[in-house]
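Below, chains carry the letters A, B, ... as their sequence lines are ordered, and counting in each starts from 1. As a basis for the values below, the full set of heavy atoms in this structure was taken, side chains included, without hydrogen atoms, waters or symmetry mates. Owing to the predicted nature of the structure, the values given are computational and were not obtained by experimental measurement.
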Amino acid sequence: MNKRFLQNVRFAPANASFVNDVFHLKSKASLVHKLSESTHLFLTSSLQSSIFKLGFASDTFTVNRLINSYVKLRETHTARKLFDEMPEPNVVSWTSVISGFNDTGQPQTALSMFQQMHEDESVAPNEFTFASVFKACSALAESRIGKSIHARLEMSGRRSNTVVSSSLLDMYGKCNDVETARRVFDSMIGCGRNVVSWTSIITAYAQNARGHEAFELFRTFNSDTTTLDRPNQFMLASVISACSSLGRLQWGKVAHGVVTHGGYEVNHVVATSLLDMYAKCGSLSCAEKIFLRICRHSVISYTSMIMAKAKHGLGEAALQLFDEMVAKRIRPNYVTLLAVLHACSHSGLVTEGLGYLNSMVEKYGVVPDPRHYTCVVDMLGRFGRVDEAYALAKTIEVGGEQGALLWGALLSAGRLHGRVDIVGEASKRLIESNQQVTSAYVALSNAYAVAGGWEDSESLRLEMRRGGNVKERACSWIEIKDSVYAFHAGDLSCDESGEIVRFMKDLEKRMKERGHRGSSSMITSSSVFVDVDEEAKEEIVSLHCERLALAFGLIHLPEGSTIRIMNNLRMCRDCHEAFKLISGIVEREIVVRDVNRFHCFKDGSCTCRDFW
DNA sequence: AAAGCGTTGC
C-alpha cells in the first residue's frame with residue numbers, strides 16, 4: 001500500500017510538496033517531543049542539528065522548544081545564543097531565556113534582558129514574564145527596580161493573576177517591605193489565593209522578624225474553608241522557622257504535627273527546619289532525634305546540629321560532629337565555620353578556636369569575614385584575653401551593622417573584665433558609626449561610674465536622654481503547658497513579698513558554692529549599680545528572670561518535666577549549670593503572679609505525640 | 001511552549 005502510494009507520488013508532482021510537508025511536520029513533531037524528554041546535552045544538540053537540517057531554524061515555536069531544553073539543562077549560554085539568532089522571537093522566547101538566567105543564579109542578567117525587551121518594544125511582556133522578573137528582583141532584593149516594574153504591571157492590567165501577584169508579594173517580602181507585601185496579599189482576595197501565595201506572605205513575616213503574625217496566618221490558612229489547599233513543604237519549613245525564632249516549642253510541635261500528617265518528614269528542608277526549631281526552643285534531644293533520622297545530610301543539616309550543640313554548651317561534641325561532616329566530604333561553608341567558632345567560644349576552647357580561624361582558608365576553603373572575627377573577639381573577650389581581642393578587632397576594617405557587632409563584642413569583653421579603656425574605645429567607635437548608640441552610652445556611663453568619674457557618667461546620661469535613646473527592654477519567658485509567662489527586665493512587680501529575690505540569692509549562693517562562674521554576682525552587684533544606671537540592673541534582672549522562670553517551672557511542673565527558658569537577648573549560656581543545680585534543690589513554695597500571659601495555641605490537632 | 005513559595009549565622 002505504501003509502495004503504491006509512493007509510486008503515485010512519483011507521478012504526481014503536484015502532490016510532492018504536500019507529502020514533503022507532512023513528512024517534515026511529522027519529523028518536527030517527533031523531534032520536538034524528543035526535545036521535551038531530553039535530559040542530556042548530547043541528545044539536545046543532536047536534535048538541534050536535525051531540526052536545523054529540516055529547515056526549522058527560523059520557526060519560532062520549534063526554536064522556543066529548543067531554548068527551553070537548553071534552559072532545563074542549565075545551558076544558559078547556548079539558550080541565549082539561539083535566542084539572539086532568532087529572526088522573530090516572541091514573548092515565550094524572551095520569558096524562557098529570562099527564567100533561564102533566574103534558574104542559574106544570574107538575576108542581574110535576567111533583569112537586563114527584561115530592560116532590553118522593554119527597549120525593543122517589539123514584544124510586550126505577559127504574566128509569565130512579569131512573574132520571572134519579580135523573581136529576579138527578589139533574588140537581588142531590588143525594591144527600587146521592582147517598584148518600577150510593578151507600576152508597569154499595573155498599567156498593563158495583568159495583575160489579576162495568582163502567580164504574578166504571588167511573585168510580586170514575595171518580592172516585597174524579600175525587600176523587607178512587609179506592609180506592601182501584605183497589601184498585595186490583601187488585594188488578591190478576588191483572584192484566588194493558593195498555598196503559594198499564603199506561603200509567600202507567611203514567609204514575608206517570618207523572614208522579617210514577625211513570627212507571631214506568620215504563625216497567626218498559618219492558623220488562618222488551616223482554618224480557611226474556601227481553599228482545598230493544604231500546607232506543603234514550603235509553607236511548613238517557613239512556619240517552623242518562625243517558631244524557631246520565637247522560641248515557641250508548643251507552636252513548633254503543632255507545626256511538626258502538621259508535617260507528620262502531611263508526610264513531609266522525609267523532606268530534608270523540612271527536617272532541617274524542625275531540627276533547628278527543637279534546638280532553638282531548648283530541646284536538644286529532639287533536635288538530635290530529627291538529625292539522626294535524616295538520610296541524606298547537607299551542609300545545612302550538619303551546620304544546624306553543630307550550632308545546636310555549640311549553643312547548648314557541648315563544644316567538644318560539636319567539633320566532633322564537624323569532623324564527621326568533613327570526613328563525609330560535605331563541604332563546610334561560612335556558616336559552618338561560624339558554628340565551629342561558636343562551639344569553641346561557648347566551651348572555652350580558645351586555642352582550638354584560634355586554630356580554626358587561622359586554618360579555615362587552607363583547610364576548608366572558607367575565607368574568614370568580619371563575622372568570624374567577631375566570634376573570635378567575643379571568645380577572647382569572654383576568657384579574659386581582652387588585649388588580644390582588642391588587637392584583633394583593630395585589624396578588621398568593617399562598618400555598619402557588622403562593625404557594630406564587632407565593637408559590641410569588644411564592649412561586652414571590656415565591661416565583663418572591668419576595662420574602662422576598652423569600654424571607652426569600643427563605645428567611641430559605636431557612637432561614631434551611629435550604631436548601638438544606646439548600649440554604648442550606657443556601658444560608657446557605667447564604666448565611668450566604676451572608675452569614679454561620676455560627673456562624666458551623669459553628663460552622658462543626660463546626653464542620652466536628650467538624644468531620645470531608649471534601650472529595648474530585655475525579657476525572659478517560660479512555657480508551661482499551653483501558657484507562656486514573660487518577665488521583663490527591671491520589672492519585679494511580680495515579687496511583692498520579696499521572696500523571689502531571697503530565693504535567687506539563695507540559688508546564687510548554691511551556684512557559687514558549686515563553682516559556677518559567669519555573671520554570678522548579679523544580685524550583689526545590683527546594689528552597687530542600682531543608683532548608677534538602668535543597664536546593669538536590666539541585665540541583672542534578666543538573669544534573675546531566668547532563675548525565676550526556673551523556680552517557677554520547678555514548682556508548677558510535675559517531676560521529670562522539661563523546663564525551657566528563653567530570652568530575647570541570647571540563649572542562656574548558664575542554663576546547663578542552672579539545670580544541674582536546680583535538680584538538687586528542694587521544692588519551695590513561692591507565690592508568683594502571672595506577669596504576662598500570651599494567647600497560646602491549644603494543641604488539639606497534633607498527630608505525632610509518639611515523637612516526644 | 002514560558003511563571004510564583006522553604007532550611008543553617010548575628
Side-chain angles (χ1 to χ4, degrees), chain A residues 32 35-36 60-69 71-72 79 90-100 102-103 125-136 138 158 161-171 173-174 194-204 206-207 229 231-242 244-245 264 267-277 279-280 290 294 298-308 310-311 332-342 369-372 374-375 378 401-402 404-406 408-409 569-570:
Chain A
V32 163
L35 260 184
S36 65
T60 304
F61 178 86
T62 313
V63 179
N64 281 350
R65 300 293 288 250
L66 207 46
I67 287 175
N68 201 23
S69 180
V71 163
K72 275 189 190 137
N90 64 9
V91 63
V92 178
S93 329
W94 282 97
T95 308
S96 302
V97 181
I98 289 173
S99 82
N102 271 344
D103 293 347
N126 66 8
E127 289 87 345
F128 288 77
T129 327
F130 278 115
S132 290
V133 170
F134 288 131
K135 186 179 173 172
S138 297
R158 293 178 185 273
N161 174 302
T162 308
V163 180
V164 177
S165 298
S166 299
S167 69
L168 185 62
L169 93 81
D170 179 66
M171 178 203 71
K174 296 278 188 330
N194 62 12
V195 64
V196 180
S197 37
W198 278 92
T199 302
S200 299
I201 190 65
I202 287 172
T203 308
Q207 291 181 343
D229 280 354
N232 63 13
Q233 64 272 41
F234 294 90
M235 182 181 280
L236 288 163
S238 210
V239 163
I240 293 161
S241 164
S244 314
S245 49
Y264 294 113
N267 180 286
H268 70 271
V269 178
V270 172
T272 306
S273 64
L274 279 172
L275 188 176
D276 180 61
M277 182 277 294
K280 290 207 178 118
I290 299 273
I294 296 174
S298 65
V299 60
I300 302 182
S301 61
Y302 261 98
T303 302
S304 304
M305 197 63 222
I306 292 168
M307 191 63 84
K311 284 196 171 167
N333 61 19
Y334 79 97
V335 187
T336 320
L337 265 300
L338 272 175
V340 166
L341 294 173
H342 269 289
D369 68 26
R371 291 169 289 199
H372 298 99
T374 301
C375 200
D378 181 62
E401 221 170 289
Q402 284 305 314
L405 289 170
L406 176 71
L569 301 173
R570 62 174 76 95

S.K.: Whether A:Gln207 contacts B:dC5 is assessed here as follows: a side-chain N or O lying under 4.0 Å from the phosphate OP1 or OP2. Is that the case?
M.R.: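 So the side-chain polar atoms of A:Gln207 never come under 4.0 Å of the phosphate oxygens OP1 or OP2 of B:dC5.
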S.K.: Take atom CD1 of A:Ile201 and atom P of B:dG6, then tell me their distance rounded to the nearest Å.
M.R.: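 Between P of B:dG6 and CD1 of A:Ile201: 12 Å.
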S.K.: Select base, sugar-phosphate, or nothing to describe what A:Asn102 touches, counting heavy atoms under 4.0 Å on all strands.
M.R.: nothing
S.K.: Report the nucleotide, chosen from B:dG4, B:dA1, B:dC10, that has the shortest atom-to-atom distance to any side-chain atom of A:Lys311.
M.R.: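 Nearest to the side-chain atoms of A:Lys311, counting from C-beta on, is B:dC10.
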S.K.: Taking 5.5 Å and 30° as the limits, would you call A:Phe128 and the base of B:dA2 a stacked pair?
M.R.: yes
S.K.: For the side chain of A:Ser241, counting heavy atoms from C-beta on, which of B:dA3, B:dT7, B:dG6 is nearest?
M.R.: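 From the listed options, B:dT7 comes nearest.
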S.K.: Could you tell me the separation between the NZ atom of A:Lys72 and the P atom of B:dA3, rounded to a whole number of Å?
M.R.: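 Between P of B:dA3 and NZ of A:Lys72: 8 Å.
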S.K.: Using whole Å, report how far NE2 of A:His342 lies from C1' of B:dT8.
M.R.: 12 Å
S.K.: Nearest to the side chain of A:Ser167, which nucleotide is it out of B:dC10, B:dG6, B:dG4?
M.R.: B:dG4
S.K.: Would you kindly give the NE2-to-C1' distance between A:His372 and B:dT8, to the nearest whole Å?
M.R.: 12 Å
S.K.: The side chain of A:Val91 is closest to which nucleotide in this list: B:dG6, B:dT8, B:dA2?
M.R.: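 Minimum distance to the A:Val91 side chain belongs to B:dA2.
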S.K.: Within less than 4.0 Å of OP1 or OP2 of B:dC5, is there a side-chain N or O belonging to A:Lys135?
M.R.: yes
S.K.: For the OG atom of A:Ser273 and the NE2 atom of A:His268, what is their distance to the nearest 0.5 Å?
M.R.: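 That separation rounds to 10.5 Å.
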S.K.: If I take atom CG from residue A:Asn333 and atom CD1 from residue A:Ile300, how far apart are they, to the nearest 0.5 angstrom?
M.R.: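 Reported value, rounded in 0.5 Å steps: 7.5 Å.
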S.K.: B:dG6 base to A:Ser238 side chain: any donor-acceptor pair below 3.5 Å?
M.R.: no
S.K.: Check whether the side chains of A:Thr95 and A:Thr129 place a donor and an acceptor atom closer than 3.5 Å, and report yes or no.
M.R.: yes
S.K.: Taking side-chain hydrogen bond (donor to acceptor under 3.5 Å, both in side chains) as the test, write out the residues that go with A:Gln207, two or more places apart.
M.R.: none
S.K.: At under 4.0 Å between heavy atoms, what does A:Thr162 touch on the DNA or RNA strands: base, sugar-phosphate, or nothing?
M.R.: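 Base contact - A:Thr162 has a heavy atom under 4.0 Å of at least one base atom.
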S.K.: Could you check which of B:dT8, B:dA2, B:dC5 has an atom nearest any side-chain atom of A:Asp170?
M.R.: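 Looking only at side-chain atoms, A:Asp170 lies closest to B:dC5.
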S.K.: What contact category does A:Asn194 fall into here, base, sugar-phosphate, or nothing, at under 4.0 angstrom with non-hydrogen atoms?
M.R.: base
S.K.: Specify the separation, in whole Å, of atom CG of A:Asn267 and atom P of B:dT8.
M.R.: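 These atoms are roughly 14 Å apart.
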S.K.: To the nearest angstrom, how far is A:Phe134 atom CZ from B:dA2 atom C1'?
M.R.: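 Taking CZ of A:Phe134 and C1' of B:dA2, I get 16 Å after rounding.
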S.K.: Quick one: list whatever passes side chain to side chain contact (heavy atoms under 4.5 Å, CB included) with A:Ser241, sequence neighbours left out.
M.R.: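 Side chain to side chain contact (heavy atoms under 4.5 Å, CB included) list for A:Ser241, sorted by chain: empty.
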S.K.: Is any side-chain N or O of A:Asn68 closer than 4.0 Å to OP1 or OP2 of B:dA1?
M.R.: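 Checking A:Asn68 against B:dA1: no side-chain N or O falls below 4.0 Å of OP1 or OP2.
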S.K.: Using a 4.0 Å heavy-atom cut-off, does A:Val133 contact any base of the nucleic acid, only the sugar-phosphate backbone, or nothing at all?
M.R.: nothing
S.K.: Taking OP1 and OP2 of B:dG9, is either one under 4.0 Å from a side-chain nitrogen or oxygen of A:Lys280?
M.R.: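 For B:dG9, OP1 or OP2 has a side-chain N or O of A:Lys280 closer than 4.0 Å.
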S.K.: Under 4.0 angstrom, heavy atoms only, what part of the nucleic acid is A:Asn64 near: base, sugar-phosphate, or nothing?
M.R.: base
S.K.: What's the closest nucleotide to the A:Asp276 side chain, out of B:dT8, B:dC10, B:dA2?
M.R.: B:dT8
S.K.: Quick one: which of B:dT7, B:dA2, B:dC5 gets closest to the side chain of A:Asn126?
M.R.: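 Selected nucleotide: B:dA2.
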S.K.: Could you verify whether a donor N or O on one side chain and an acceptor N or O on the other, from A:Thr203 and A:Ser238, lie under 3.5 Å apart?
M.R.: yes
